[in-house]
Novice: 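The structure under discussion is supplied below as structure tokens; questions concerning it will follow.
Just follow the structure's listing: the first ligand is 1, and inside any ligand the first atom is 1.
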Amino acid sequence: MSFMQTAARKVAGPGSALSKVLELTMTPHAIDRYLELVDPMITWDEARARVERVERRTERSVTLTLRTTRQFDGFRAGQFVQLGVVIEGVRQVRCFSPANSDADRGIIELTIGRRPGGLVSNYLYEHAQVGDVYTLTPASGTFQLPEPRPAQTLLIAGGSGITPVLSMARSLVGNGYPGSIALLYYVPSEADNPYTDELKALAEIPSVSVHCIYPESESVDGPINLRPGFFAADHLDTVAPWAEYGQTFMCGPQPLMDSVTALFTERGLTDRLHSEEFVIAMPSVADGDAEGTVTFSGSNKDAENDGRSILEQAESAGLTPEFGCRMGICFSCTAVKKSGCTRNVLTGDLNDDPDQHIQLCVSAPVGDVDIEI
Ligand code: FES
């Protein structure tokens with residue numbers, strides 16, 4: 001309880017109506033809840049963003065232009081923000097990278113690719129409309145352009161991974177970058193490309209070359225004849241023969257990232273490769289290695305530990321704990337571990353202290369564990 005809340009209780013008596021009103025109006029968080037009744041864009045400390053434009057440019061993506069409140073401090077090209085969207089009364093949080101230039105103030109452009117079964121991506125595709133207001137966290141992430149800028153920059157993207165690298169290209173161009181930029185974009189077909197026009201406009205700039213590779217339609221849109229199909233050495237060598245002297249930034253599906261990484265590793269160029277991964281690969285314990293029982297004591301349920309994250313095991317047991325990013329960033333999934341040992345699957349750290357708040361999405365049980373959900 002904060003000092004202000006304690007003071008409110010002392011003045012008005014715990015639990016009284018007056019105390020509740022004072023508590024509501026005397027903490028910054030509560031003030032935001034109060035102010036949003038007047039206008040959800042007037043907030044004390046929480047950053048929010050209002051939808052100004054909705055474009056369903058492809059059947060698999062929606063592009064939102066959002067105006068941010070003064071609390072949002074901008075972003076660096078390549079970083080991501082966490083967008084909080086209330087769906088059926090529950091705030092869901094997901095990470096998205098802005099696609100616009102980081103010189104834009106007060107505006108972010110998000111292109112959200114629909115994921116099969118994706119709660120938030122499909123909700124936004126189907127329901128986002130002008131005037132909607134979402135919460136926003138400060139931008140974060142180390143996937144950024146270096147200072148000083150490299151002399152040559154290669155950008156590689158696949159699918160919805162276009163957004164951070166497009167932001168990089170737009171930011172470089174907008175800041176008068178004197179070097180050359182090559183952009184390789186892999187997307188199933190032209191109909192799936194949400195940025196056809198913008199990429200064509202970028203390609204008009206003499207120092208920028210853009211190749212859109214459409215494996216599904218076996219075609220390529222770009223100034224140099226490339227083999228249609230997935231990334232391989234010939235694409236790199238044709239589009240960026242200078243890659244060993246420049247810097248490469250990539251974002252996209254795991255198979256694309258794996259191919260690029262393998263080639264750069266083979267050539268001893270990993271220090272020139274930078275990547276953003278939206279999905280963290282969660283190591284899981286092999287079936288035979290997991291043991292013990294996971295007790296969900298708040299729900300009178302339990303399950304044999306199968307080694308997956310507690311969030312996944314809870315969902316398999318029919319529970320619906322709150323979650324957001326599912327990758328250990330947003331803390332939406334935090335719950336109290338009453339007893340037992342858990343392992344953080346990202347760091348490997350063990351936690352065997354009782355009554356600890358843990359993140360369900362990145363914690364796996366090690367033996368018997370009791371979680372208060
Ligand atoms: S869901 Fe975001 S930290 Fe677990």
Novice: Could you check Lys200 against Asp221 for salt bridge (Lys or Arg N to Asp or Glu O under 4.0 Å), going step by step and ending with a plain yes or no?
Specialist: CA-CA 9 Å; Lys200 280 197 167 95; Asp221 190 1; 3.8 Å; yes

Novice: Can you tell me which residue and heavy atom of the protein come closest to atom 3 (S) of ligand 1, and the distance to 0.1 Å?
Specialist: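 Sorting protein heavy atoms by distance from atom 3 (S) of ligand 1 puts Phe331 N, 3.2 Å first.
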
Novice: Using the ring centroid of each side chain, check whether His235 and Tyr186 are separated by less than 6.0 Å.
Specialist: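 When the ring centroids of His235 and Tyr186 are compared, they turn out to be within the sub-6.0 Å range.
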
Novice: Pairing donors with acceptors under 3.5 angstrom, does anything connect the side chains of Tyr195 and Thr163?
Specialist: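 No, Thr163 and Tyr195 have no side-chain donor paired with an acceptor closer than 3.5 Å.
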
Novice: By number and element, which atoms of ligand 1 are closer than 4.0 Å to a non-hydrogen atom of Gly328?
Specialist: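 Listed by number with element, the hits are 3 (S).
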
Novice: Hey, could you give me the CG/CG distance between Leu64 and Asp132, rounded to the nearest 0.5 Å?
Specialist: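 So the CG of Leu64 and the CG of Asp132 are separated by 8.5 Å.
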
Novice: When you draw lines from atom 4 (Fe) of ligand 1 to SG of Cys333 and to SG of Cys361, what angle lies between them, to the nearest 10°?
Specialist: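 The two atoms form an angle at the metal of about 110°.
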
Novice: By number and element, which atoms of ligand 1 are closer than 4.0 Å to a non-hydrogen atom of Gln359?
Specialist: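 Once the distances to Gln359 are compared, the set is 3 (S).
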
